[in-house]
Number of protein chains: 2
Amino acid sequence: MDPRTHTVLIEIAAALLATEGPQALSTRRIAAEAGTSTMAVYTYFGGMSGLVREVVHEGFQRLERHLTAVRSTSDPVADMALLGRAYRMNALANPHLYSVMFGGASLSGFSLTDDDRQHGRYTLTSVVECVAKCVAAGRFADADVAHVAHQMWIATHGLVTLELGGYLAAPLDGEALFEPQLVALMVGAGDRPDAATRSVRSSRRRIERELSPQAG
Amino acid sequence: MDPRTHTVLIEIAAALLATEGPQALSTRRIAAEAGTSTMAVYTYFGGMSGLVREVVHEGFQRLERHLTAVRSTSDPVADMALLGRAYRMNALANPHLYSVMFGGASLSGFSLTDDDRQHGRYTLTSVVECVAKCVAAGRFADADVAHVAHQMWIATHGLVTLELGGYLAAPLDGEALFEPQLVALMVGAGDRPDAATRSVRSSRRRIERELSPQAG
DNA sequence: ATTGTTGCATAACGGCGATATGTTTAGCAC
DNA sequence: GTGCTAAACATATCGCCGTTATGCAACAAT
């Protein structure tokens, strides 16, 4: 059992999924790129499904890392917007992976187990904590925190999947819809419209400020 | 060119997709069930993708029929909730079809064209009209109607896809999240919380009333 | 009647996931 | 060192897939 081959196979599969999409994932192709035979996929992962499962777990971990990497500011509502941005950007950066993770993109009989989905639900913990902060700060109404967190997740997921599916065309594309969508939900959660708008806009400015040094 | 064979193939494909999922869709299986050969799929649809495309178009039409079949009441906000219910119920009744339509469930290299997606966007026309009514009735703020309609669509789509993916588990399943999600968005659109809650609840009672004679 | 076209059956091709069957290698008791 | 065992991997094969090529019967037009 060579742990290097194990990781190499996952990385190659992830790269193939990212660059050429689900239909590029085949045992023969992966084995060829790894310089081994198709049997490696079976000895290490029990088959194609097992390998895809590992790639999906990797995707969940990456998503979780992106979300926990969001630094909290003094404005919890702005933090929520930052969380949404991080979530959306991660999905847009890895569209095929996101589809397999949440879209149930049925690739050659692969399907997630309840265990896999449990990883996906951890996505919510960051959001729940943020909603709790918003409530504690008096910005959101003292409603069911889990409900509100789910609403944020659902809306962002819906936006992302429709965007990935090509259903949000310019001029009303995902970018133009993201902020008003968040503001509407925040107002629905009890925040004042002007305050929510300010928080969301400030989160955008913060992102732009952080990205500009990298672009320059 | 037998138009009956044409329709029979589509119906069989749709039935297979509905009952056994995407992986049951194969030219050989469909041809066997239709009592013909695999060539029929190619003479009529040019290949598997063409057949799937017809099934998807059928799905869009069925969705549109479900949405336009929603009778408008005296309360446009309740109408919006009824629209959302019809959308969700249609998706839950045809989960595999919905995945192919919007989830980009990559089955054997099939992918939607911009023309296909245009059909999907017609989904919005019912919603846009309903939002316009809500604004006209003074229930929603006089904001961008297209934005609000998109928000409704996005949220309902997000709820449905997460539900289909198995990510909304009891006790916070799709059923428990549907109404608060709608209320939050309606409040975000400018409606008063108590009024929105009443409208959504009345829409649920209306549905229950209409379904009870069928159940008995 | 002949010709061309259409509709579909049959067979074949390349590629897929998966399995069966070697073959080679690694670890280890002695 | 030798011999044994088990794992890692290669090769070949099976059944299924979408697709294409080929053949053939029915029919239309001339």
Side-chain angles (χ1 to χ4, degrees), chain A residues 1-56 96 99-100 104-113 116, chain B residues 1-56 96 99-100 104-113 116:
Chain A
M1 170 91 165
D2 185 6
R4 267 183 306 149
T5 310
H6 183 91
T7 8
V8 163
L9 287 177
I10 297 179
E11 287 170 1
I12 289 179
L16 277 176
L17 179 62
T19 57
E20 303 188 36
Q23 60 180 341
L25 281 182
S26 79
T27 57
R28 286 165 172 82
R29 175 80 184 272
I30 293 168
E33 305 239 349
T36 175
S37 82
T38 64
M39 278 307 298
V41 176
Y42 291 88
T43 59
Y44 286 115
F45 309 99
M48 198 60 202
S49 299
L51 177 52
V52 173
R53 201 175 308 280
E54 297 281 342
V55 173
V56 166
H96 298 301
S99 283
V100 179
S106 61
L107 46 96
S108 78
F110 168 77
S111 66
L112 293 90
T113 68
D116 301 329
Chain B
M1 171 88 166
D2 185 6
R4 267 182 307 150
T5 310
H6 182 91
T7 9
V8 163
L9 286 176
I10 298 180
E11 286 171 1
I12 288 179
L16 277 176
L17 178 63
T19 57
E20 303 189 34
Q23 60 178 340
L25 281 181
S26 79
T27 57
R28 287 166 174 80
R29 175 80 186 272
I30 293 168
E33 305 238 348
T36 175
S37 83
T38 64
M39 279 306 298
V41 175
Y42 290 86
T43 58
Y44 287 114
F45 308 100
M48 196 63 200
S49 298
L51 177 52
V52 174
R53 199 174 309 281
E54 298 280 343
V55 173
V56 166
H96 297 301
S99 283
V100 178
S106 61
L107 46 95
S108 77
F110 169 76
S111 67
L112 292 92
T113 67
D116 302 329

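Chain letters run A, B, ... following the sequence lines, proteins first, then strands; residues in each count from 1.
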Overall bend - the helix from C/dA1-D/dT30 to C/dC30-D/dG1, comparing terminal axes fitted on five pairs, nearest 10 degrees:
10°

Results of salt bridge (Lys or Arg N to Asp or Glu O under 4.0 Å) for A/R28 - residues two or more places apart only
none

Euclidean distance, atom [atom1] of residue [X] to atom [atom2] of [N] [Å, nearest integer]:
X: A/L51; N: C/dC16; atom1: CG; atom2: C1'; answer: 15 Å
X: B/F110; N: D/dC17; atom1: CZ; atom2: C1'; answer: 18 Å
X: A/Y44; N: C/dA18; atom1: OH; atom2: P; answer: 18 Å

Salt bridge (charged side-chain N to carboxylate O under 4.0 Å, His left out): which pairs involve [range], sequence neighbours left out?
range: residues 41-54 of chain B; answer: B/R53-B/D116
range: residues 5-19 of chain A; answer: none
range: residues 29-40 of chain A; answer: A/E20-A/R29, A/R29-A/E33

Per-nucleotide protein contact string for nucleotides 18-29 of chain D (B base, S sugar-phosphate only, - none; heavy atom under 4.0 Å):
BBBB--------

Between residues 10-18 of chain B and DNA chain C, which residues have a heavy-atom gap below 4.0 Å?
none

If the condition is ring pair (Phe, Tyr, Trp, His ring centres under 6.0 Å), which residues does A/F45 pass it with, not counting sequence neighbours?
A/H6

Check residues 35-42 of chain B and write down every donor-acceptor pair under 3.5 Å in which the side-chain atom is one partner and the other belongs to a residue at least two apart or another chain.
unit_1, atom_1, unit_2, atom_2, d
B/S37, OG, B/M39, N, 3.2

Kindly write out the residues that satisfy side-chain contact (heavy atoms from CB on, under 4.5 Å) with B/V8, not counting sequence neighbours, or none if the list is empty.
B/I12, B/A34

Students often get this wrong, so: under 4.0 angstrom with heavy atoms, is B/T36 touching a base, only sugar-phosphate, or nothing?
sugar-phosphate

Under the side-chain hydrogen bond (donor to acceptor under 3.5 Å, both in side chains) rule, collect the residues that match up with A/S111, sequence neighbours excluded.
none

Apply side-chain hydrogen bond (donor to acceptor under 3.5 Å, both in side chains) to B/T7 and list each qualifying residue two or more places apart in sequence or on a separate chain.
none

Side-chain contact test, heavy atoms from C-beta onward, threshold under 4.5 Å: evaluate it for A/Y44 versus A/L51 and give yes or no.
no

